[in-house]
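Please read the structure below before turning to the comments.
Note that the coordinates shown come from a computational prediction; the quantities given were computed from them, not determined experimentally. Residue numbering restarts at 1 for every chain, and letters A, B, ... go by the order of the sequence lines.
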There are 2 protein chains.
Amino acid sequence: MGIQERRERDFLRRERDILDAALGLLDHDDWQSVTIAQIATKAEIGKGTIYKHFATKEEIYARLSLDFGDEMLAAMRRLDHNQPVLDLLRALMRLALKYHVRGMRYHRVLMFCRALDFRRRLSPEAQKAMDDKDMEFDTLFGTIIEKGIEEGIFPRMPIEKLTWGAHAAFEGTTLMLWNELAGATDEQKQEFIDTVIHFMLVGMVYQDRKL
Amino acid sequence: MGIQERRERDFLRRERDILDAALGLLDHDDWQSVTIAQIATKAEIGKGTIYKHFATKEEIYARLSLDFGDEMLAAMRRLDHNQPVLDLLRALMRLALKYHVRGMRYHRVLMFCRALDFRRRLSPEAQKAMDDKDMEFDTLFGTIIEKGIEEGIFPRMPIEKLTWGAHAAFEGTTLMLWNELAGATDEQKQEFIDTVIHFMLVGMVYQDRKL
DNA sequence: GTTACAGTGTGACCGTTGGTCATTATTTGA
DNA sequence: TCAAATAATGACCAACGGTCACACTGTAAC
């Protein structure tokens, strides 16, 4: 059934066209300025067609975020997970933040899809997919940090509590990269990233010190 | 001219009514679900009247954010600024984060008004007002941290670089309080806040340590 | 070859939204 | 008493996200 297969391929290709069009538009306008009509025009399809693929405009963003998460997780897993814990964590965070720096499009998607208000509006299935993806990141980092505890690098305490600060710093860094540091050069952004990563590791290593 | 005065008073009172109505609605719906019509109804005025006070819907949010900033700065300046630097910083951050925890309304306003995409859409005057308010917070913290450097509590390095990590952690904390920790109890949130504050101080104090 | 059917693309159309503006009501000043 | 000024108002507008009846194509049954 060659024709049947071609149909399916075309359908999937059209879905990619929609996603790429949306992503491209997000380079110049923020999410709420990008309209379905614009996406349709850029993807060279009718407006109604978009709704054969996505239930709402926001589900497009959700898909972009999920795809983006997959890409990032794959890149993270490709790193050498046998290197020393601190080096590995540094490499992981540099990688994750590099994705953010790479383009405002990614930043806008991730920023938007992280908000609770956004997730609540999603369908239950989409919601679960997003939560599962978050969990994948959590376990990936969790495993490594646990190893760090075993090796005596980090103080022995509940992982969640140990990582709260670093987690917050990471989230805040992604915000600041495109707010306070939006006009900075790539070198300045890189210095910022390295400084904050060092800060996060120091904060965890000396978490049990009294002040 | 008692009537003239009363007119002005009424006009200002109406402005407060608008702001209060908007704020109240933000407890239950996120910013984009709240409509001008809803605000007008709740404030018991006509829709057109709102535009006598604010140029756009977003300028309402900007004003809420500015007022909120004023309130927070005033509370911060009321603290004892002669106590030890670390204690003072702890108190300041606890205070700031308490405002965030206090209600989703405040969180939603601050979260929304921080985004660069939002600020760019504002009028130049409103933009400057927001930037100035940010600067006030920066100098308030900057002065104290400088004192900390003089006293040898923090390593001697450019203030911006020294505080990048803490700044990021703070921003991230405000995010997490209403995302990851949205369903947590007040006690859990308080533990989270105290943990992150400790993390931030440790990160700054030991910022110059090699790992 | 004809008919029924399922899958897909499409743009006219709909309800809702943020924002405008002509009209109305009220106060001021001469 | 009347003209000018100020402010409140809701009908109105353009633009948006989303819907749907219809058109087109290929498949299956007879």
Think A:Arg102 forms a cation-pi with A:Tyr99, using NZ or CZ under 6.0 Å from the six-ring centre and within 45 degrees of its axis?
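Flagged: A:Arg102 positioned over aromatic ring of A:Tyr99.
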Taking B:Arg119 for the side chain and B:Cys113 for the main chain, is one N or O donor matched with an acceptor at less than 3.5 Å?
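Checked: pair present.
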Would you check if the side chain of B:Thr56 reaches a backbone N or O of B:Glu59 as a donor-acceptor pair within less than 3.5 Å?
yes
Taking the minimum atom-to-atom distance to the side chain of A:Arg7, which one of D:dT9, C:dG7, D:dG18 wins?
C:dG7
Minimum-distance nucleotide to A:Ile45 side chain [options: C:dT10, D:dA8, C:dG9]:
C:dT10
Taking atom [atom2] of [N] as reference, at what distance in whole Å does atom [atom1] of [X] sit?
X	N	atom1	atom2	result
B:Ile18	D:dT9	CD1	P	10 Å
B:Asp10	D:dA8	CG	P	9 Å
A:Glu8	C:dG7	CD	C1'	11 Å
B:Gln38	C:dT16	CD	C1'	12 Å
A:Tyr51	C:dC13	OH	P	18 Å
A:Glu44	C:dT10	CD	P	11 Å
B:Lys57	C:dT20	NZ	C1'	17 Å

Under 4.0 Å from OP1 or OP2 of D:dA7: is there any side-chain N or O of B:Lys52 that close?
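Result: no.
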Does C:dG9 have its OP1 or OP2 closer than 4.0 Å to a side-chain nitrogen or oxygen of A:Arg14?
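Yes, within the criterion.
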Please figure out whether B:His53 or A:Trp31 has its closest DNA chain D nucleotide nearer the 5' end.
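Comparing both residues, the 5'-ward one is B:His53.
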Which is true for A:Thr35 with a 4.0 Å heavy-atom rule: it touches a base, it touches only sugar-phosphate, or it touches nothing?
sugar-phosphate
Could you go through B:Phe68 and B:Tyr106, starting from their C-alpha distance and side-chain angles, then the distance that decides it, and tell me whether this counts as ring pair (Phe, Tyr, Trp, His ring centres under 6.0 Å)?
CA-CA 8 Å; B:Phe68 190 35; B:Tyr106 302 108; 4.7 Å; yes
